[in-house]
2 protein chains.
Amino acid sequence: MTTRHKMLLGGVELLRERGAAGVTVDAILARTATPRGSVYHHFPGGRGQIISESLDLAGDAIAAIIDDSLADGPVAGLRRFAAFWTQILQTSDFKAGCPVIAVAVGGAPDDELAHKVATIIERWQASLRASLVAAGVSEQRAVPLATMAMASIEGAVILCRTTRTITPLNDVVDELTAMLAIVVPQRG
Amino acid sequence: MTTRHKMLLGGVELLRERGAAGVTVDAILARTATPRGSVYHHFPGGRGQIISESLDLAGDAIAAIIDDSLADGPVAGLRRFAAFWTQILQTSDFKAGCPVIAVAVGGAPDDELAHKVATIIERWQASLRASLVAAGVSEQRAVPLATMAMASIEGAVILCRTTRTITPLNDVVDELTAMLAIVVPQRG
DNA sequence: GTCTATACGAAGATAGAC
DNA sequence: GTCTATCTTCGTATAGAC
């Protein structure tokens, strides 16, 4: 594990808990026990570069989790995706949520970062839409269904943080499952 | 309009756009054109007090909007609630979202504020659950349905900010309407 | 690559005049 | 109630040694 990578992982953690505003150089150093002298060696662009690269890292990692989760179709996929959030919420004592959403809600510091957030989320949605279409849902129906799924899961993660329980996420997954059971053609 | 109230409205605006971290004394003064010398006169608790009171004000205002929206039942209510968000999003050029969610996602500065956020959201949920029950939904079913509605609408507001369109919110309301059409006993 | 020290700026808060 | 000036703290960034 390189110092550079440790710093980025610290950046992702801070994004999860407090959004872009929470990613300060001091906070990363305190959390990762990395040397202050290395910050501008690894990141000549300073704090802004750390935020940007942490966001990229988080976006790619979650995209991979989504794609993996969807291997057995959209219904099982959403449940696995929710299980990933459950783990994040519980291991962080409900302090951490979605790092990408946190940047969106906290207001991106600049347009480049805002655009990056939009691109990442659109990519997640595209995976979900493709999975729905592969399961037999029409392209037209897949669009609002994928939006509904992403909005409700991301919203539920936030409600889990406020209630300090995983109940909202479980409820939403159950409702989504019921909804998709009607819409997605069943096999067997 | 008193100076004190102007400052709080500025605080609510900043909460919407950037969460608690965005509510700085300087930002409020720049936005509301109120005198710097009045800050600690009206708010001896300083910045923390402004954030806390702004959150209260926002929570109460949105609770009132929810209760009003639900006057003709849950289905019409969710549509009216979404229309409120549409107005906020469009008039702010998609820069503003839900101030209470923004505090939750950005990490509340202290436990008192975190507890306040939880209380506010639980109150919104209670209104929605009561409306569902009044429409004939069982108390058991009303809980996850209200969670689903709140999570998906709040999530959609965030997606609207990233896409800079109201499409996610419209899609979610349509899906919720279809879902409730199945669950809520129809009259007539 | 990493260290210490320091410059610089932003923001919260206070003091005392009016 | 509002003013200006000032103090302090914190966070970013740089300089120069090792």
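Below, chains carry the letters A, B, ... as their sequence lines are ordered, and counting in each starts from 1. Note that these values count all heavy atoms, side chains included, but never hydrogens, waters or copies made by symmetry.
- We find that CZ of A/R47 is positioned 9 Å from C1' of D/dG11, with the value rounded to whole Å.
- Between D/dT2 and B/S38, a contact under 4.0 Å exists linking OP1 or OP2 to a side-chain N or O.
- Inspection of the B/S92 and B/R16 side chains reveals no N or O donor paired with an N or O acceptor under 3.5 Å.
- The shortest distance between the side-chain N/O atoms of B/T24 and the OP1/OP2 oxygens of C/dA10 is not below 4.0 Å.
- If A/D26 and A/P44 are placed on DNA chain D by their nearest nucleotide, the residue sitting closer to the 5' end is A/D26.
- Taking atom OH of A/Y40 as the reference point, atom P of C/dA5 lies 18 Å away to the nearest angstrom.
- Between the CD1 atom of B/I28 and the C1' atom of C/dA13 there is a distance of 14 Å, given to the nearest Å.
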(request) Start with the C-alpha distance between B/T24 and B/R47, add both sets of side-chain angles, then the distance that settles side-chain hydrogen bond (donor to acceptor under 3.5 Å, both in side chains), and finish with yes or no. (result) CA-CA 7 Å; B/T24 65; B/R47 176 178 178 254; over 6 Å; no

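- Nucleotide D/dA5 holds its C1' atom 11 Å from the CZ atom of B/R36, rounded to whole Å.
- Using a 30° and 60° split on the angle between ring planes, B/W85 and B/F81 fall in the perpendicular class, above 60°.
- Using a 4.0 Å cut-off, some side-chain N or O of B/H41 falls inside it from OP1 or OP2 of D/dG1.
- Within the structure, every side-chain polar atom (N or O) of B/T3 is placed at least 4.0 Å from both OP1 and OP2 of D/dG1.
- Between the P atom of D/dT2 and the NZ atom of B/K6 lies a distance of 9 Å, rounded to the nearest Å.
- Between the C1' atom of C/dG1 and the CZ atom of A/R4 lies a distance of 14 Å, rounded to the nearest Å.
- Between A/H42 atom NE2 and D/dA13 atom P there is a gap of 16 Å when expressed in whole angstrom units.
- Judged as a side-chain contact (heavy atoms from CB on, under 4.5 Å), and not counting sequence neighbours, the contacts of B/A63 are B/R123, B/W124.
- Rounded to an integer number of Å, the gap from CG of B/L29 to P of C/dA10 is 16 Å.
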